[in-house]
Each structure stands twice: as C-alpha cells, then as structure tokens.
Amino acid sequence: MSTITRLPRVTAEETLALAAAVALPSIAQGPVARRPYAVRLAELADADGRAIRLLARLRAEHGEGPLLVRVPGRGWVMLPLAAHDVRAVLDDRDFTPATRAKRGALGHFQPDGLLITRDPGLRERRRALNDQVLCSGFTPFARVVEEEAATLPRHGLLTWPRFHATHWRIVRRIVLGDGARDDVILTRQLDRLRADANWSDLRGLRTDVFNAFRRRLAGHLARAEPGSLAAELARAHAAADVHPEGQVPHWLFAFDGAAAAAYRALALAAAHQGPADLRATVLESVRLWPITVTIVREAVGPTEWDVPEGTTAAIYSPYVNRAEPGDSYRPELWRDGSGEWAGVPFSAGFASCAGEDLVVFTAAALLDAVLRERSVRPSVRLEGALPAMLNHFRLNFAVKAA
C-alpha cells in the first residue's frame, strides 16, 4: 500500500502536555493491574477529564486526522482521534496488537497468549481456538452466576471487595470448573504476576511464581470439568504450537477486568431504575469507563499514513468512546439498528476481544440476579453528563431485599 497521508506533528510543548495528561496517569494507575491509591489520586485530579479535554483541543487545532508525536527514546506515536481513523487502524493487519511494550508486560503471565503473538499465521490459529472455545455456548454459566450472586448481601452495604471476591468465584468456575471455585491461591499468584507486568520488561520474570501458577492452572485444566471452558478447550485438539493452555491466563485476566465494568454497570442500572436491557447497560459502562484505557497497535508494514515502521498507534479510549456519542448514558447505541458510532469498548477489527459476548453475557446475568431480589442505591449520583472516571474501588451500594 502506498502512503498517502502526511500527519501533523505536535509541538514539543504539546508533547509534554500529552505526556503529563495522558501517558503518565495511565502508567501510574497500572496498565495491567490497577493500583488503588494511584486510581484515587487520578480521580481527585480529574485525570481522565483533563486528558479528554486536551485531546479535544488538539483535534480542534490540528484537524480531524491522527496526530504524530515524537517520543524521545521511544520513536513515533500516532494518535487517531476520529472514528474513521480509529476503525482504519484496528482493521489494518499491518498494525499488529503484539507491540513491544505489550509483549514485555503480558509476557509475565501469558507468554503464549494471542494478544502478544507476532507471527500472523500462528496468531490466526490461536484466534481460531479462542473463538471456538469462548463462543461455545453460555447456558451452563447462568447457573454459576445465579448461585454466586445469591452469596451477595441482601441488606446493608455492598462493597467492591465483596463483589470482587464473588466475581472471581464466578470466573474460576466458568473457566476451570466448580473444583476451582475456592482456589484463591491461583488468583493471588496471577495478581502478583500482573503487578509485575505493570512494569513491563523493566522487571524480570518472577519464575518461581509463574511456574507455581502454571502448575496450579494445569491441575485444574487436566480435570476438564464438564460445563467449563476447560472442557471445551480439551475438546478443541489444537496443534501443539498453539499452546492451548497458554491462552487461559488471558481469559482469567480479561474476565477480572470485566468485574469493574459489571460493578460500574450496576451503578448505572440502579441510577436508571433497573433498565430492561442490561446488556446495553454493561456495554455503556465499558464505553463510558473503558477497561482498557489505551488500545495500542504497532506498524509492521506500509499503512495509509506516512509513518515509519515501528510507529505505535495509541487509541485513548476515554476520549474516542465519548467524542462523538457524548458523556450521557445512551443504551440505545447498543440496540439493533442504531448504526451510530459507539466507540471501541472491546476494541474492534481483526484483533477485537474474542470473549466479548461471554463477558457481556456474564455481567448482564450477574446484574439481573442482583437486581431481581434487591434494591440497590449507589454511593454516587449518575445523572446527565457522567464523570470521566468512576472509581470502582471506592464505589459502594446500600442494599435492601426487594
């Protein structure tokens, strides 16, 4: 493909502003495992709001096209801001999701994962396996959600630690089977590796924890418990180089991120009197408060923009998800026939989230189970233009039996 578009370059002053408002707060909060204290500081500073306003101002000054930023020691970064450019980047296979920084981070706990697979052929085979297993049918999981939702309080206070622990039991049962329900050691091992992953390749691999995690995970997978993703994985019979078991850590990791989305969606649902379309509420939660703050791709071939190979395309989700749809609660964006751009809550294109439907199904089922027998009142008001950030660590709910 011949290059056809030369991008405007931001000034040195604008580069510093982008570093201070966009890059540093995102890194400080933890790109792989959120740091509660840093999230609280970002909330107090309105970090996401400041970043959104800065990008809106730069777009107004430089035009609709992507911006090109020179990062000393790191090369070029392209910032797509308009919907059509975001789509174009995510659809272009010459922008790989397996960036150097992502490989350094996720390699701490999922070195064979789909997202950090560079070879296109192997990536396609791993994607096919993920699609096969994660889209195999969700009916058995409804029972799991119902049973675990019943353990949540029916009166008093619902806090994030209580909700998070319940969600993890759901995740372990869905992915690994009922036998993994109470294996909090596995979760703690993964949490430790994810904390290291926040430092990317600046921190070496904690091989003792990784090996212990892998052995523990292998024990659960060997059971291939009926009604779990582990059973579907055992039936898949993928080639050895696909490393089927190596895909599972990402399922656990991504499912855990979905816990915050479900918890914030509960606040949206409570603020809007338990809307009938809980799936749309979950998707709105992820649109308004993205799980993945920055979606990154790396140019590995010629693109439609005049950028050198190795350029990182950084899609700042809090901005692109709100720039056109706006800041208010808009569940109609997710109903059939809307046709309106609604951002990229689960990425898009050839590397979109393979487990999106499963995650949304699980979250919506959990909300339904909670709201069916309880009235809940969130500790924050969510009306009109919604805040750029909703700190799930500090969010809680007053609960009464319905």
Smallest separation among heavy atoms of [X] and [Y], with atom names:
{"X": "P80", "Y": "V320", "answer": "O-CG1, 3.9 Å"}
{"X": "L129", "Y": "P244", "answer": "CD2-CA, 3.7 Å"}
{"X": "A280", "Y": "W334", "answer": "O-CD1, 3.7 Å"}
{"X": "S136", "Y": "E232", "answer": "OG-CG, 3.3 Å"}
{"X": "L288", "Y": "S328", "answer": "CD2-O, 4.1 Å"}
{"X": "G107", "Y": "L205", "answer": "O-CD1, 4.2 Å"}

Crowded around [X] [atom1]? As in, over 12 foreign heavy atoms under 6.0 Å?
{"X": "R34", "atom1": "CZ", "answer": "yes"}
{"X": "R40", "atom1": "CZ", "answer": "yes"}
{"X": "R118", "atom1": "CZ", "answer": "yes"}

Under 3.5 Å, side chain of [X] to main-chain N/O of [Y], donor-acceptor pair present?
{"X": "T294", "Y": "A314", "answer": "no"}
{"X": "T166", "Y": "R162", "answer": "yes"}
{"X": "R287", "Y": "N321", "answer": "yes"}
{"X": "R103", "Y": "A98", "answer": "yes"}
{"X": "E304", "Y": "D92", "answer": "no"}
{"X": "R169", "Y": "H164", "answer": "no"}
{"X": "S379", "Y": "N396", "answer": "yes"}
{"X": "T303", "Y": "W305", "answer": "yes"}
{"X": "H392", "Y": "A261", "answer": "no"}
{"X": "Q29", "Y": "P25", "answer": "yes"}

Output the distance between atom [atom1] ([X]) and atom [atom2] ([Y]), rounded to the nearest 0.5 Å.
{"X": "D256", "Y": "D191", "atom1": "CG", "atom2": "CG", "answer": "6.5 Å"}
{"X": "Q110", "Y": "T117", "atom1": "CD", "atom2": "OG1", "answer": "9.0 Å"}
{"X": "M78", "Y": "L67", "atom1": "CE", "atom2": "CG", "answer": "10.0 Å"}
{"X": "S347", "Y": "L90", "atom1": "OG", "atom2": "CG", "answer": "4.5 Å"}
{"X": "R297", "Y": "F95", "atom1": "CZ", "atom2": "CZ", "answer": "10.5 Å"}
{"X": "E332", "Y": "E340", "atom1": "CD", "atom2": "CD", "answer": "7.5 Å"}

Quiz question: by atom type and distance under 3.5 Å, do the side chains of [X] and [Y] form a donor-acceptor pair?
{"X": "E14", "Y": "H62", "result": "yes"}
{"X": "S26", "Y": "Y316", "result": "no"}
{"X": "N130", "Y": "W251", "result": "yes"}

Task: Quiz item: cation-pi between R70 and W76, 6.0 Å / 45° - done: yes

TODO: Answer yes or no for R188 and W168: cation-pi contact, defined as NZ/CZ to six-membered ring centre under 6.0 Å and angle to ring axis within 45°.
DONE: no

Side-chain contact, heavy-atom cut-off 4.5 Å: [X] with [Y]?
{"X": "W160", "Y": "N391", "result": "no"}
{"X": "L152", "Y": "R374", "result": "yes"}
{"X": "S228", "Y": "L176", "result": "no"}
{"X": "L266", "Y": "L158", "result": "yes"}
{"X": "L382", "Y": "P387", "result": "yes"}
{"X": "R181", "Y": "E148", "result": "yes"}
{"X": "L358", "Y": "C135", "result": "no"}
{"X": "L79", "Y": "P66", "result": "no"}

Task: Ring-ring centroid check F397 Y263, cutoff 6.0 Å - done: yes

- [ ] Tell me whether the centres of the aromatic rings in F253 and F109 are closer together than 6.0 Å.
- [x] yes

Open item on the list: If we check salt bridge (charged side-chain N to carboxylate O under 4.0 Å, His left out) with D183, which of these qualifies: R173, R216, R172, R223?
Closed with: R216

Open item on the list: Between L157 and V399, does the side chain to side chain contact (heavy atoms under 4.5 Å, CB included) criterion hold? Intermediate values first, please.
Closed with: CA-CA 6 Å; L157 195 67; V399 180; over 6 Å; no

Open item on the list: Test side chain to side chain contact (heavy atoms under 4.5 Å, CB included) on L7 and D306; report intermediate values, then the result.
Closed with: CA-CA 7 Å; L7 303 182; D306 184 16; over 6 Å; no

Task: Verdict with supporting geometry, L278 and L371, side chain to side chain contact (heavy atoms under 4.5 Å, CB included) - done: CA-CA 10 Å; L278 291 173; L371 294 170; 4.2 Å; yes

TODO: Please step through ring pair (Phe, Tyr, Trp, His ring centres under 6.0 Å) for the pair H272 and Y329, ending with a clear verdict.
DONE: CA-CA 9 Å; H272 294 86; Y329 173 65; 4.0 Å; yes

Task: Pair E298-E309, side chain to side chain contact (heavy atoms under 4.5 Å, CB included): steps then yes or no - done: CA-CA 8 Å; E298 184 179 299; E309 188 168 325; over 6 Å; no

Under 4.0 Å between a side-chain nitrogen and a carboxylate oxygen: does that hold for [X] and [Y]?
{"X": "E146", "Y": "R372", "value": "yes"}
{"X": "E64", "Y": "R59", "value": "yes"}
{"X": "E373", "Y": "R154", "value": "yes"}
{"X": "R93", "Y": "E124", "value": "yes"}
{"X": "R192", "Y": "D196", "value": "no"}

